[in-house]
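Bear in mind the structure is a predicted one, so any value in this text is a computation, not a measurement.
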Amino acid sequence: NAGVTQTPKFRVLKTGQSMTLLCAQDMNHEYMYWYRQDPGMGLRLIHYSVGEGTTAKGEVPDGYNVSRLKKQNFLLGLESAAPSQTSVYFCASMGQGNQPQHFGDGTRLSIL
Amino acid sequence: TQLLEQSPQFLSIQEGENLTVYCNSSSVFSSLQWYRQEPGEGPVLLVTVVTGGEVKKLKRLTFQFGDARKDSSLHITAAQPGDTGLYLCAGEDYQLIWGAGTKLIIKP
């Protein structure tokens, strides 16, 4: 009964370091999303994917890259981390039609 | 840019009281979703409203979609500590537009 799994759950980085956040879903969903959540600002869409091999920019894509090489996985990369990227990152997936988004439990990322 | 404004941002009330949370926009949405998020977890869908004027009930929670499909409300009757959480609304256009959330605390 996994649903959407995000790894890692917590990470502390130094400015300039790089890292990749992994999202895996076992529901055979076509659509996958990466959000960041900051206090008082709700969820902001970083990048999304409408299917394997495709990605698109969301509201706040700068400083992030993504890849969807396999349908079940959606990777979010930070090439050179900045303190402004300190946030909680959520991955979500969604099936076709009028379906809800299913979220992982988030990755809490701190950039020092 | 489409915006969804939620009010209040924060609400702390005693167990047993009633409350209403609002989600407003100047844009029309094809549907509106309400989610609840608990600390350390991702949001979980509570309900989707689709038709203007639609009312849906989920136990003590009543959700209403405005006639013009620009706004929505969530009313909780006799709130309980288990209702504590962050309530998020999201309007569906070609993608979801999220409100900033209402942080609700129900004190025993």
Side-chain angles (χ1 to χ4, degrees), chain A residues 1-10 21 23-25 27 29-50 54-61 74 76 87-109, chain B residues 1-11 21-25 27 29-51 54 56 58 61 63 65 69 72 74 85-105:
Chain A
N1 196 22
V4 178
T5 303
Q6 291 184 234
T7 53
K9 295 188 184 303
F10 304 94
L21 280 64
C23 176
Q25 54 97 2
M27 296 171 282
H29 284 168
E30 290 294 332
Y31 302 93
M32 295 188 75
Y33 306 85
W34 274 108
Y35 293 95
R36 59 179 290 173
Q37 186 175 37
D38 302 292
M41 300 187 74
L43 289 165
R44 291 186 292 170
L45 183 64
I46 304 171
H47 286 280
Y48 64 100
S49 169
V50 300
T54 70
T55 63
K57 293 180 180 180
E59 179 187 357
V60 288
F74 196 27
L76 177 70
S87 187
V88 182
Y89 291 85
F90 285 98
C91 174
S93 71
M94 185 179 75
Q96 292 189 344
N98 193 18
Q99 299 289 324
Q101 292 189 9
H102 295 260
F103 286 82
D105 286 339
T107 294
R108 186 173 295 275
L109 184 61
Chain B
T1 303
Q2 292 177 306
L3 287 175
L4 262 180
E5 294 186 358
Q6 286 190 243
S7 60
Q9 288 185 319
F10 178 79
L11 186 59
V21 173
Y22 300 93
C23 178
N24 295 305
S25 176
S27 302
F29 295 106
S30 57
S31 68
L32 196 133
Q33 301 174 1
W34 283 93
Y35 291 77
R36 186 170 83 188
Q37 183 180 16
E38 301 194 22
E41 299 181 6
V44 176
L45 180 73
L46 294 173
V47 77
T48 301
V49 285
V50 180
T51 307
E54 182 177 4
K56 281 192 173 179
L58 192 65
L61 279 61
F63 304 85
F65 202 12
R69 305 205 319 276
S72 182
L74 158 60
L86 179 68
Y87 289 81
L88 295 160
C89 65
E92 184 178 7
D93 190 11
Y94 65 96
Q95 59 181 284
L96 280 184
I97 307 298
W98 291 85
T102 293
K103 187 172 183 179
L104 178 62
I105 295 176

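- The neighbour count for B:Lys103 NZ, taken as heavy atoms of other residues, nucleotides or ligands under 6.0 Å away, does not exceed 12.
- Here B:Ile97 contributes atom CD1 and A:Glu59 contributes atom CD; the two are 7.5 Å apart, rounded to the nearest 0.5 Å.
- Annotation for A:Leu43 and B:Pro43: closest pair CD1-CG, 4.0 Å, computed over non-hydrogen atoms.
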**Prompt:** After noting the C-alpha distance and the side-chain angles of A:Phe90 and B:Gln37, does the key distance pass the side chain to side chain contact (heavy atoms under 4.5 Å, CB included) rule?
**Reply:** CA-CA 12 Å; A:Phe90 285 98; B:Gln37 183 180 16; 3.2 Å; yes
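- Other residues, nucleotides and ligands contribute at most 12 non-hydrogen atoms within 6.0 Å of the CZ atom of A:Arg108.
- Interatomic distance, OH of A:Tyr33 versus CD of B:Gln95, reported as 8.0 Å (0.5 Å rounding).
- For A:Gln101 against B:Tyr35, the heavy-atom pair with the smallest separation is N-OH, 3.2 Å.
- Of all heavy-atom pairs between A:Gln37 and B:Leu88, the closest is NE2-CD1, 4.3 Å.
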**Request:** Evaluate the side chain to side chain contact (heavy atoms under 4.5 Å, CB included) criterion for residues A:Met94 and B:Leu96: first the C-alpha distance (whole Å), next the side-chain angles of each, then the deciding distance (0.1 Å), finally the verdict.
**Result:** CA-CA 12 Å; A:Met94 185 179 75; B:Leu96 280 184; 5.9 Å; no
